[in-house]
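The chains referred to below are lettered A, B, ... by the order of the sequence lines, with proteins before strands, and numbering in each begins at 1. As a basis for the values below, the full set of heavy atoms in this structure was taken, side chains included, without hydrogen atoms, waters or symmetry mates.
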Amino acid sequence: MTSPARTRIAPSPTGDPHVGTAYVAIFNRALARQTGGQFLLRIEDTDRERSSPASEAMILSSLRWLELDWDEGPDCGGPHGPYRQSERLEIYREHARRLVDGGQAYPCFCTPERLAELRARQKAEGLDHVGYDGCCRELGRAAAAEKIRAGAPHVIRLRVPDAGETVFRDDLRGEFTFQNRLLDDQVLVKSDGYPTYHLANVVDDHLMGITHVIRAEEWLSSVPKHVLLYRALGYPMPHLLHLPLLRNPDRSKISKRKNPVSIAWYRAQGYLPEALVNFLALMGFSLPDGRELFSFPDLVEALDLGRLNASAAPVFNLEKLDWMNGEYIRALPLKELAARVRAFGVPPEREARLAEILPLLRERLKTLAEVAPRSDFFFADPAGYDPALLVPRKCDREFARAVLEAFPHYLEAVGPAFEAAALEAAVDRLAAERGLKRGNVFMVLRVAVTGSTATPPLVESMAVLGREAVLRRVGAAARRLAGEP
RNA sequence: GCCCCCAUCGUCUAGUCAGGCCUAGGACACUGGAUUUUCGAUCCAGCGACAGGGGUUCGAAUCCCCUUGGGGGUACCA
């Protein structure tokens, strides 16, 4: 057994909770569970412009909905808090001071305008790399301190060596070597005193005892800067694993415009949280036995970091999610499904009948959202359908008229219990005695009773509706067919 | 531009690290059939891929190189 892993998910509260966050959370949490460690939630709200408490709240509730809850976090605290970076400013300041004192970082007074100009010039000259030119590097401590005293706005930059290379290891992809000369003097503290991701992330991961950093591939190229930071601070490196990014159908990094990325969207569409988790897990991991439907506990048991997907660039395929969600819906005990549908949102007057209706609907559901439209006919007489629907293909109006007029008589033989078996017998007798094709008889009645050609099983639906409603609808259909309003 | 990652059916993938068991397996989707009371569900069948080129080897989807393609990064965003 491996030693307990402490892992984390570190979302930035700058918008809707993203499926990518959930995707990464799944593996972090699974590893923590598997090894008996802890899974933490840390809010990285160091971008004052874009961060919002509302977004943070949505992230928490979305992750909870997915049952990806955490052992330590901003809401529940923990031994290494606070877990919101905006509340840890003093810690970062201290670290920055240490780095400046040690000469591994330095204050930079360059204006954004100068930097923009510099970048533009470098681009225009076609330099093989663009980045900070080190203008403030050799300012000298005294001069820098003087400017700071005078209140000059400044940032703190990491002093990256001009030569040599930085090597690190990703547990999924092996060893990497980066040329230091190609690395920028990364900003560690912004002019507003807030840390950048790079500083805060390294400091917090260490202080919070994170052993495994599992995150998206977009971070891979900033790892060398982090390595330099860890080294400068004298902190040991955690394990690093970079997961491939989720993609749009056009293979670009998954984005709002081209795909629904908000966890809330999936919830609103009527996807089950366990199905979404399963689906997301499958994007990055496969079980040795090839099983595709598995629960989070299954994942915890089977997770093997070496089997994480390092190579492919998974495209988010809604069709497969639909299929999977249908499988989960059908696997749910009826009572549980009813509870989920109720939680999803059902008009109160419909709640009581859910228990009768759901068995008829269940096998054709892909999402919870389909329950409402598919069960409308149970609650309201069909209106507005095209009378032509009443006439099955290869049949004439006369056929439909005969069925609709005859059916009430056959219904008399159906006992007060109004059960499906008796109803089916009635339809069968009608077809047999009148010499009508059974399937077509069913279709006429189906349209009359439901207003649609695609419905749950007819006689079962009639049984739920009751004699009165069925008679009323069949009568209305007959009049409709005759052209009456 | 520069740096980095990646490359198996339309899509998600198994197989690649330890080359032969792969005339490449599974899933979704699609097509056909069975069943049925429509739709769906289910069962069966079918379609369908190792990006290209060089090596290494008795043997390569698997190892190496190049090309091409896709992606990420290149911010006082994360």
Partner of C28(B) by Watson-Crick or G-U wobble geometry, both contacts under 3.5 Å, or none? G10(B)
Given that both distances must come in under 3.5 Å, which nucleotide forms a Watson-Crick or G-U wobble pair with C22(B)? none
Would you measure the distance from the P atom in U62(B) across to the matching atom in G53(B) and give it in whole Å? 12 Å
Scan Ser222(A) against the nucleic acid and name what it touches under 4.0 Å (heavy atoms): base, sugar-phosphate only, or nothing. nothing
G19(B) to G59(B) separation - C1' atoms, rounded to the nearest Å: 8 Å
Round to the nearest Å and state the distance from Arg181(A) atom CZ to C3(B) atom P. 9 Å
By the 4.0 Å heavy-atom rule, please label Ser286(A) as base, sugar-phosphate, or nothing. sugar-phosphate
Interatomic distance at C1', U13(B) relative to A49(B), whole Å: 12 Å
Nearest to the Leu458(A) side chain among C76(B), U37(B), A14(B), which nucleotide is it? U37(B)
Does Trp323(A) stack onto the base of C28(B), taking stacking as ring centres under 5.5 Å apart and planes under 30° apart? no
Take atom CD of Glu292(A) and atom P of A29(B), then tell me their distance rounded to the nearest Å. 11 Å
Can you tell me, in whole Å, how much space there is between the C1' of C63(B) and that of A27(B)? 30 Å
If you check every side-chain atom of Val155(A), which of C76(B), U37(B), A27(B) has the closest atom? C76(B)
Nearest-angstrom distance, P atom, C30(B) to C39(B): 14 Å
With a cut-off of less than 4.0 Å, is there a side-chain N or O of Asn309(A) near OP1 or OP2 of U13(B)? yes
Using a heavy-atom cut-off of under 4.0 Å over every strand shown, decide if Val189(A) touches base, sugar-phosphate, or nothing. nothing
Residue whose closest nucleotide on RNA chain B lies nearer the 5' end, Lys123(A) versus Lys225(A): Lys123(A)
Output for pair (Arg119(A) CZ, Lys123(A) NZ), nearest 0.5 Å, gives 8.5 Å
Phe279(A) and Phe316(A) aromatic centres sub-6.0 Å: yes
When the nearest nucleotide of RNA chain B is assigned to Val187(A) and to Leu308(A) on a heavy-atom basis, which residue is associated with the more 5' position? Leu308(A)
Across all strands shown, which nucleotide pairs with U38(B) by Watson-Crick or G-U wobble geometry, both distances under 3.5 Å? none
What about Arg446(A): does its side chain form a donor-acceptor pair under 3.5 Å with the base of U37(B)? yes
Can the ring centres of Trp70(A) and Tyr83(A) be said to be less than 6.0 Å apart? no
Atom CD of Gln179(A) to atom P of C4(B): distance rounded to whole Å? 8 Å
Starting at OH of Tyr328(A) and ending at P of A27(B), how long is that distance when rounded to a whole Å? 17 Å
Could you work out which one of U74(B), C2(B), C39(B) sits closest to the side chain of Val130(A)? U74(B)
Between A14(B), C6(B), G73(B), which nucleotide has the shortest distance from any of its atoms to the side chain of Arg173(A)? C6(B)
Decide yes or no for Val441(A) and Phe407(A): does some side-chain heavy atom of the first lie under 4.5 Å from some side-chain heavy atom of the second? no
Contact class for Pro456(A) (heavy atom, under 4.0 Å): base, sugar-phosphate, or nothing? base
Have a look at Arg307(A) and say if it touches a base, only the backbone sugar-phosphate, or nothing, with a 4.0 Å heavy-atom cut-off. sugar-phosphate
On the nucleotide A41(B), are OP1 or OP2 found under 4.0 Å from the side-chain N or O atoms that Arg330(A) carries? no
Paired with C2(B) by Watson-Crick or G-U wobble geometry, both distances under 3.5 Å: which nucleotide is it? G73(B)
Using whole Å, what does the distance between atom P of nucleotide C43(B) and atom CD of Glu327(A) come to? 9 Å
Between C12(B), A78(B), C5(B), which nucleotide gets closest to the side-chain atoms of Trp219(A)? A78(B)
CD of Glu370(A) versus P of C39(B): gap in Å, rounded? 17 Å
Mind checking who G59(B) pairs with, Watson-Crick or G-U wobble, both distances under 3.5 Å? none
If I pick the C1' atom on A14(B) and the same atom on G25(B), what distance separates them, to the nearest angstrom? 6 Å
Is there side-chain contact between Pro392(A) and Val444(A), with at least one heavy-atom pair below 4.5 Å? yes
Is any side-chain heavy atom of His239(A) closer than 4.5 Å to one of Val213(A)? no
Checking contacts here: which listed nucleotide (U37(B), C28(B), A78(B)) is nearest the side-chain heavy atoms of Glu319(A)? C28(B)
I'd like to know whether Arg173(A) forms a side chain to side chain donor-acceptor pair (under 3.5 Å) with His242(A), so could you lay out the CA-CA distance, the side-chain angles of the two residues, the decisive distance to 0.1 Å, and finally the verdict. CA-CA 8 Å; Arg173(A) 297 161 198 267; His242(A) 290 87; 5.7 Å; no
What's the closest nucleotide to the Phe176(A) side chain, out of G71(B), A75(B), C4(B)? C4(B)
Crowded around Lys225(A) NZ? As in, over 12 foreign heavy atoms under 6.0 Å? yes
Among the nucleotides C5(B), U38(B), C77(B), which one has an atom lying closest to any side-chain atom of Lys190(A)? C77(B)
C1' atoms of U36(B) and C47(B), separation to the nearest Å: 26 Å
Looking at every strand, decide which applies to Phe178(A) at a 4.0 Å heavy-atom threshold: base, sugar-phosphate, or nothing. sugar-phosphate
Could you give the distance separating A51(B) and U68(B) at their C1' atoms, to the nearest angstrom? 8 Å
For a quick test of reading the model: is some side-chain N or O of Arg362(A) closer than 4.0 Å to OP1 or OP2 of C39(B)? no
Side-chain contact check for Glu44(A): nearest option of U38(B), A78(B), A7(B) is A78(B)
Residue-phosphate contact under 4.0 Å: Thr455(A) side-chain N/O, U37(B) OP1/OP2: no
Rounding to a whole Å, what distance do you find between Met324(A):CE and U11(B):C1'? 13 Å
Winner on side-chain proximity to Ser221(A), out of C5(B), A27(B), G73(B), is G73(B)
Lys/Arg N to Asp/Glu carboxylate O, Asp133(A) vs Arg114(A), below 4.0 Å: yes
Whole-Å gap separating C1' (C39(B)) and CG (Leu360(A)): 13 Å
